[in-house]
Protein chains: 2
Amino acid sequence: MKHHFITTDGNMKARWMEAFPEASSILAEQGSDAIGTGDVAWLVTMIDDWPLRVGELAQRGATVVVLSYSADDQEALLAFEQGARGYVHTLAAPEVLEQVALVVTNQGIWAGQALLSKVLSGSFQALRQRHAGEPSLSAPLLGQLTERERAVALAVARGASNKEIARQLDIGERTVKAHLSAIFKKLAVRDRLQLILKLSDNASSRTA
Amino acid sequence: MKHHFITTDGNMKARWMEAFPEASSILAEQGSDAIGTGDVAWLVTMIDDWPLRVGELAQRGATVVVLSYSADDQEALLAFEQGARGYVHTLAAPEVLEQVALVVTNQGIWAGQALLSKVLSGSFQALRQRHAGEPSLSAPLLGQLTERERAVALAVARGASNKEIARQLDIGERTVKAHLSAIFKKLAVRDRLQLILKLSDNASSRTA
DNA sequence: GAACCTATTGTACCGATGGGCAGAACGACG
DNA sequence: CGTCGTTCTGCCCATCGGTACAATAGGTTC
C-alpha cells in the first residue's frame with residue numbers, strides 16, 4: 001500500500017513527507033497508472049477537474065482523500081459523491097494525516113465534524129425518502145400488518161387518538177389498543193410517536 | 001469514557017476484550033442506566049429491538065456503535081437513522097474496533113464503503129437542494145419559540161418522551177412539561193402528536 | 001424599581017395510553 | 001375436528017401526557 005500525493009506543481013508539503021516518508025509525488029497532468037489498488041491517493045482541489053480524477057481513482061480501486069484549503073461542505077460532499085473516502089484540510093498536521101490514512105484504509109471515512117453532523121441530522125431524512133420509493137422499506141412496513149392493523153396504523157399516522165380511531169372504524173377503544181399493541185410489536189416501535197415517525201419517514205415520498 | 005458491550009447472552013467476544021480490556025458487558029434485558037454520557041455503547045443486532053435501543057442510548061448522550069454479522073446497507077441506514085455513530089462487523093479485529101472507537105468518539109462516523117457512497121452521494125443532492133432554498137425546514141415554526149422550547153420541540157420531533165428529554169437537557173420532567181405547554185400554545189397544537197405532524201408537514205411540503 | 005420574559009421546579013388532578021389476562025366469534029387449513 | 005390466525009371485546013392497572021395553580025430566580029425593558 002503506497003501513498004501518492006497528486007498536485008498541480010509536484011511540490012510535496014513538508015508535513016506530507018513527515019507523515020509518509022515513502023509517499024510519491026504525482027503531477028496532475030500525469031496519468032494515474034502508478035496508482036494501484038489499495039493505494040492511497042491524496043488529491044488537492046487546486047486541480048481543476050479534481051472531481052473527475054477522484055472518480056477515476058476510486059474506480060481503479062484506490063483510496064482517495066481530497067485535500068482542500070477550504071472547509072466547504074458542498075465541496076466535501078462532492079468529493080464523497082465522486083467516491084473519495086476522506087476530506088481533509090491541506091494544512092493538516094502529520095499526525096492528523098496518519099490518522100486519516102488509518103481510518104480511510106480501514107473502511108472508514110474522514111470528514112469534518114460540522115459536515116458529519118449535517119449528514120447525520122439533516123440529510124439522512126432526505127436519503128430515507130429516496131429509499132422510500134423502493135419496495136424495500138415502505139411496502140413491507142404496512143405490508144406486514146393485517147388489513148385492520150393497517151387501518152389503525154394509518155389513522156394513528158394522521159394523529160388520531162384511540163377514541164377517534166374507535167369511532168372511525170366503529171369498534172371499541174379496547175380493540176384499537178389491541179391492534180396497536182400488535183402493530184408496535186410487529187414494527188418494533190415502542191409507542192404511537194415512534195410509529196408516526198417511522199411511517200412518515202417512509203410515506204412522505206408518496207403523500208407529498 | 002467507558003465501553004459497554006450490549007449483547008443477548010452477556011458473552012464478550014475475545015477480540016472485544018482485547019480491544020477494550022476495561023469494557024463492561026451488559027445484557028440486553030438490563031436497563032441502560034450504567035451507560036453515561038460520552039460512553040461508547042457497542043450493540044449487537046441480535047437484540048430484537050436494537051433500533052429502539054440505539055435511539056434510546058443515543059438520546060442519553062451515549063456514542064452508539066452497531067455490531068452486525070451482516071453488511072446490510074438498509075440495516076446500517078436504520079442504525080444511523082436511530083442515532084448510531086458506527087456500523088461495523090461483529091467479527092471485526094480488535095485493531096479495527098479501536099479505530100472505530102477513535103473515530104466515533106471524535107464526532108466521526110464509521111460505516112462500510114458501499115453504504116458510504118450511497119449515503120454521501122444521496123446527501124450531497126439533499127444538502128445541495130437545502131442550501132439552495134430556505135435555510136431551515138421549519139424555521140418559521142421553530143423561529144417563534146425560545147431557545148429552550150426549540151430544543152424540546154426538536155426532541156419531541158424525534159419521538160422522545162418527556163423523561164428522555166429531561167435527561168437529555170438535564171432538567172426536570174416538570175420543566176419539560178412547562179416548555180411543552182408553551183410550545184403547544186404558541187404553535188396552536190393540542191398535543192405532541194399534532195406537533196410532530198405539523199413539523200414534519202412543514203418539512204415535506206418544502207422539499208417536495 | 002416595576003413590569004415583563006424566560007427558565008426552572010413543585011403538587012395535584014385527570015384523561016390518554018399501553019399492556020396483562022382472558023374470552024368469544026369467525027374463517028382457513030390440514 | 002382441532003388448530004391457527006384475525007378480529008373483537010371485557011376488566012384492571014401502571015405509566016405517560018397535559019394542565020391548573022402555584023413559586024423562585026435571572027435577565028431585559030421602560
Side-chain angles (χ1 to χ4, degrees), chain A residues 140-200, chain B residues 28-33 37 47-49 51-53 55-57 59-61 141-200:
Chain A
L141 259 189
L142 290 175
Q144 59 190 286
L145 302 179
T146 68
E147 184 184 346
R148 215 54 172 157
E149 287 165 354
R150 201 157 41 236
V152 173
L154 290 175
V156 168
R158 288 196 305 269
S161 70
N162 288 341
K163 195 171 293 183
E164 288 168 339
I165 300 173
R167 266 199 303 269
Q168 288 172 23
L169 301 183
D170 195 35
I171 55 179
E173 189 177 341
R174 181 61 188 89
T175 309
V176 176
K177 292 182 181 181
H179 287 311
L180 271 177
S181 290
I183 294 169
F184 296 155
K185 187 163 292 185
K186 284 185 179 178
L187 299 188
V189 293
R190 66 155 181 251
D191 55 33
R192 65 207 299 119
L193 274 300
Q194 305 292 335
L195 176 62
I196 289 183
L197 292 174
K198 187 153 193 166
L199 287 178
S200 63
Chain B
E29 298 87 21
Q30 292 180 240
S32 311
D33 308 87
T37 304
I47 302 171
D48 289 329
D49 59 343
L52 291 180
R53 299 298 295 272
E56 178 191 335
L57 289 165
Q59 221 126 44
R60 295 172 58 98
L141 278 181
L142 295 175
Q144 56 190 293
L145 302 179
T146 69
E147 183 184 346
R148 215 55 173 156
E149 287 165 355
R150 200 156 41 237
V152 173
L154 289 175
V156 168
R158 287 199 306 272
S161 70
N162 287 342
K163 195 170 294 183
E164 288 168 339
I165 299 173
R167 263 201 304 268
Q168 191 181 318
L169 301 182
D170 195 34
I171 55 179
E173 190 176 343
R174 180 61 189 83
T175 309
V176 176
K177 290 185 176 184
H179 288 311
L180 270 178
S181 291
I183 295 170
F184 295 153
K185 185 164 293 184
K186 285 185 179 177
L187 299 188
V189 292
R190 69 161 182 257
D191 53 33
R192 65 208 296 121
L193 273 298
Q194 306 297 329
L195 176 61
I196 289 183
L197 292 175
K198 185 152 193 167
L199 289 178
S200 60

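Sequence lines set the chain letters: A, B, ... in the order given, protein chains first and strands last, and positions in each chain run from 1.
Rounded to the nearest 0.5 angstrom, B:Leu180 CG and B:Glu149 CD are separated by 9.5 Å.
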Item checked: Annotated protein contacts, base or backbone, on nucleotides 5-24 of chain D with a non-hydrogen cut-off under 4.0 Å, one of B, S, - each -> -SSBBBB----SBBBBB---

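Crowding of A:Lys185 atom NZ: a count of heavy atoms from other residues, nucleotides or ligands under 6.0 Å not exceeding 12.
Counting only heavy atoms from C-beta outward, the side chains of B:Leu169 and B:Arg148 approach each other to under 4.5 Å. By the 4.5 Å heavy-atom criterion applied to side chains, A:Leu145 and A:His179 are not counted as neighbours.
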Item checked: Candidate pair B:Arg192 and A:Ile196, rule side chain to side chain contact (heavy atoms under 4.5 Å, CB included), full reasoning -> CA-CA 11 Å; B:Arg192 65 208 296 121; A:Ile196 289 183; over 6 Å; no

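Summarising the geometry, the separation between CD1 on A:Ile183 and C1' on C:dG19 is reported as 15 Å, rounded to the nearest angstrom.
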